[in-house]
K.L.:
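Below you will find the structure I want to go over with you.
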Amino acid sequence: MPEKNGAGPEKNGAEKVRVRFAPSPTGSLHLGSARTALFNHIFARHNGGVFVLRIEDTDLSRSTEDSAAGIVDGLAWLGLDWDEGPVYQSRRMDHYRAAVEDLLGRGRAYRCVCTPEELKQRREEAKKDGRPPGYDGRCRDRKDVPSGAPAAVRFRTETEGETRFEDLVKGPQTKRNAEIDDFVIQRTDGTPIFYLSVTVDDAEMAITHVIRGDDHIPNTFKQILLLQAMDSPLPHFAHLPLIHGLDKGRLSKRHGATSIQSYREQGYLPAAMNNYLARLGWSAGDQEVFTREELVEKFRLGDVGKSPAIFNPEKLLWLNAHHLREMPVAEMAALVRPFLEATGVPRIGSPEGRDEKWLERAVDAHKERSRTLVEMAESLAPYLADEITYEPAAERMLTEEITGPLAEAAARISGMTDTRPPAMEPVLREIAKQYGMKLGQVAQPIRAALVGKKVSPGIFDVIALMGREKTLSRIRRALEHVRAAGKTKSE
RNA sequence: GGUCCCUUCGUCUAGCGGUUAGGACACCGGCCUCUCACGUCGGUAACACGGGUUCGAUUCCCGUAGGGACCA
């Protein structure tokens, strides 16, 4: 009879927690996989356990080394460091074969020579007759299978009783053994089937908690049967609800970016990704923002919800903006540099570029209006670029009416040596007053002239960041632009 | 088709028999203000449905519906 899976880890506190993340390297690191990895990681850290990374690449036709490298890279970027591995299943084939031989030797498995065609035919017949479509057990007790003949290996499943386990997230799970057919554990070509390799590895690696997507619940029964046949202790199981897209379907490419890598490229922070992914299906009261340390401290499997969560990019964006704001400017400056360089402006620290102190000041001034590192880089680029182009909305602010104040500002600034906010503010206020305008009516065109956008930090901060020379040349260029535009219009 | 899983605002969720059903994102409005943000104050918005159990169900049980997964 199947034994009952033990209670939670509290039952035997001496147990050293060992978990694993076991991706198949058939693509980049998916958001859903990343979340599974995260939960394994923080669970291990919370319990002072060991986190193993295992690459399930036994399906050579679909696995690629690039994918494996990309996954490893993505995990490293998220800061989900592992303690053992990466272990590649493709290098452990002898273990799987040995396990199969053992099962064969003890009569827990048998060789099957049914061909795929025969199987298909019998399956269809069974379906027609309303019988279950699983394997019919034809080779189960056959004595005439030549020992040397090529054959697949099937597990001899219990026909009575039921298999059960206590899922740490979903609760008690039961399946009648009669519903589980004699599944293949080794293909005719000698390669192991997923159930077998996973089971062997989990057992040999002494995994205590299998934390994975709930699409694996049906597999779990087979794995438990296998584990029992191998006389291995059962780990605890925790199945996480899948992440869905807005249409409630399983999250996939048609819902937008699904790979961790693409969020990295879009200027998202690992801290925000981890925070968001953790809150998808897990919560700790009303808290929304977590540092990694807090996640580790507060994470409990019992607090994971049972229902699937829909991925919401807007909340991720908000969290990213939040973590960006909280970050020390020096750190943010370092992170934004590669994004800045990608815009093609002179490098920070180069003779024609600005220095690092400047970058930190600029980052500080812009951090409250940047939600991603890409946005940050885009708003910083105008300070560094030789030439700017005006966004349409900004260009509309450069009108004939403001040439007076603009020219006046240029004249006043050219006579100043100090263009820092305390010196600039009275000057612009004075000019506004002189022309009977509000400060905003003067500030907006200057903003447009300086950065080419209608949005920026406070105008005095922008001028200080821009520097006297560049401020002057940009205002003069704007003046020329208005003049040229006026000419074209009148002709 | 079979088996299994899931169901509180649009979305993420809190709730664990008695609550004006709480928070967050998004949205709307006020304040702040040189723009946009940030911040802040306020607002709209949910217990899928039907039966039970109970003095009392969002909460427990059973169905139905819907969604999902797995096997084919």
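Just the heavy atoms: all of them, side chains too, but no hydrogens, waters or symmetry mates, feed the values below. Note on naming: letters A, B, ... go to the chains in the order of the sequence lines (proteins, then strands), and numbering restarts at 1 for each one.
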K.L.:
Rounded to whole Å, please give me the gap between CG in A:D303 and C1' in B:C12.
P.N.:
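These atoms are roughly 15 Å apart.
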K.L.:
Salt bridge or not between A:D303 and A:R300? Use side-chain N to carboxylate O under 4.0 Å.
P.N.:
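Salt bridge between A:D303 and A:R300, a charged N being under 4.0 Å from a carboxylate O: yes.
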K.L.:
Quick check on RNA chain B: between A:A284 and A:K222, whose nearest nucleotide comes earlier from the 5' end?
P.N.:
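Nearer the 5' end of the strand: A:A284.
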K.L.:
Would you please name every residue forming a side-chain hydrogen bond (donor to acceptor under 3.5 Å, both in side chains) with A:R476, sequence neighbours left out?
P.N.:
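In terms of side-chain hydrogen bond (donor to acceptor under 3.5 Å, both in side chains), with neighbours along the sequence ignored, A:R476 is linked to no residue.
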K.L.:
In plain terms, say whether A:K175 and A:E162 are close enough for a salt bridge, that is, a side-chain N and a carboxylate O under 4.0 Å apart.
P.N.:
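Here A:K175 does not pair with A:E162 in a salt bridge, since their nearest N and O are not under 4.0 Å apart.
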K.L.:
Ring of A:F39, cation from A:R35 - is the NZ or CZ under 6.0 Å from the centre and inside 45° of the axis?
P.N.:
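Ring-cation test returns yes.
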K.L.:
Determine the contact category for A:G305: base if any of its heavy atoms lies under 4.0 Å from a base atom, sugar-phosphate if only primed atoms, P, OP1 or OP2 are that close, otherwise nothing.
P.N.:
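The residue A:G305 makes no contact with any strand.
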K.L.:
What is the distance, rounded to the nearest whole Å, between atom CG of A:N219 and atom C1' of B:A72?
P.N.:
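The answer, rounded to whole Å, is 14 Å.
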K.L.:
Both distances below 3.5 Å, Watson-Crick or wobble geometry, any strand: find the nucleotide opposite B:C71.
P.N.:
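Here B:C71 is engaged in a pair, and the nucleotide opposite it is B:G1.
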K.L.:
Check for a donor-acceptor pair, side chain of A:N40 on one end and backbone N or O of A:F21 on the other, with a separation under 3.5 Å.
P.N.:
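No; judged by distance alone, with no hydrogens or angles, the pair does not exist.
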K.L.:
For a quick check of understanding: with a heavy-atom distance under 4.0 Å over all strands, which category does A:I310 fall into, base, sugar-phosphate or nothing?
P.N.:
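Result for A:I310 = sugar-phosphate.
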K.L.:
What protein N or O atoms touch nucleotides 4-10 of chain B N or O atoms at under 3.5 angstrom, if any, and at what distances?
P.N.:
unit_1 : atom_1 : unit_2 : atom_2 : d
B:C5   : O2'    : A:K170 : NZ     : 2.7

K.L.:
Could you walk me through whether A:T291 and A:H323 satisfy the side chain to side chain donor-acceptor pair (under 3.5 Å) test, starting with their C-alpha distance in whole Å, then the side-chain angles of each, then the deciding distance to 0.1 Å, before giving a yes or no?
P.N.:
CA-CA 9 Å; A:T291 61; A:H323 282 275; over 6 Å; no
K.L.:
Return the set of residues passing side-chain hydrogen bond (donor to acceptor under 3.5 Å, both in side chains) with A:H481 (not counting sequence neighbours), or none when no residue passes.
P.N.:
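A:H481: side-chain hydrogen bond (donor to acceptor under 3.5 Å, both in side chains) contacts with A:E395.
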K.L.:
Whole angstrom is fine here: how far is it from CZ in A:R176 over to P in B:U3?
P.N.:
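Going from A:R176 (CZ) to B:U3 (P), I get 9 Å.
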K.L.:
Ring centres under 6.0 Å, that's the criterion: do A:H41 and A:F299 meet it?
P.N.:
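A:H41 vs A:F299: aromatic centres not under 6.0 Å.
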K.L.:
Enter the distance from A:I388:CD1 to A:K470:NZ here, rounded to the nearest 0.5 Å.
P.N.:
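Here the interatomic distance stands at 9.5 Å.
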K.L.:
Nearest to the side chain of A:A309, heavy atoms from C-beta on, is which of B:C71, B:A69, B:U13?
P.N.:
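Closest nucleotide to the A:A309 side chain: B:U13.
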K.L.:
Do the side chains of A:E179 and A:R176 get close enough for a salt bridge, i.e. N-O under 4.0 angstrom?
P.N.:
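Yes, charged N to carboxylate O under 4.0 Å.
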K.L.:
Taking atom C1' of B:U13 as reference, at what distance in whole Å does atom CD1 of A:I243 sit?
P.N.:
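Distance check: A:I243 CD1 to B:U13 C1' gives 15 Å.
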K.L.:
Counting only non-hydrogen atoms, which of residues 436-457 of chain A are less than 4.0 Å from RNA chain B?
P.N.:
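The answer is A:L439, A:G440, A:A443, A:Q444, A:R447, A:K454, A:V455, A:S456, A:P457.
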K.L.:
Provide the Watson-Crick or G-U wobble partner of B:C27, both distances under 3.5 Å; none if there is no partner.
P.N.:
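By the stated definition (distances under 3.5 Å), B:G43 pairs with B:C27.
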K.L.:
Contact class for A:F460 vs. all strands (heavy atom < 4.0 Å): base, sugar-phosphate, or nothing?
P.N.:
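Base, at least one base heavy atom under 4.0 Å.
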K.L.:
For nucleotides 38-49 of chain B, just jot down a letter per nucleotide in 5' to 3' order: B, S or -, based on protein non-hydrogen atoms under 4.0 Å.
P.N.:
SS----------
K.L.:
Spell out, as yes or no, whether a donor-acceptor pair under 3.5 Å connects the side chain of A:N275 to the backbone of A:A271.
P.N.:
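No: the side chain of A:N275 does not pair with the backbone of A:A271.
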K.L.:
Rounded to whole Å, how long is the line connecting atom CG of A:D167 with atom C1' of B:A69?
P.N.:
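Rounded to the whole Å, the gap is 14 Å.
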K.L.:
Which residues within residues 465-476 of chain A lie with some heavy atom under 4.0 Å of an atom in RNA chain B?
P.N.:
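None, since no heavy atom is under 4.0 Å.
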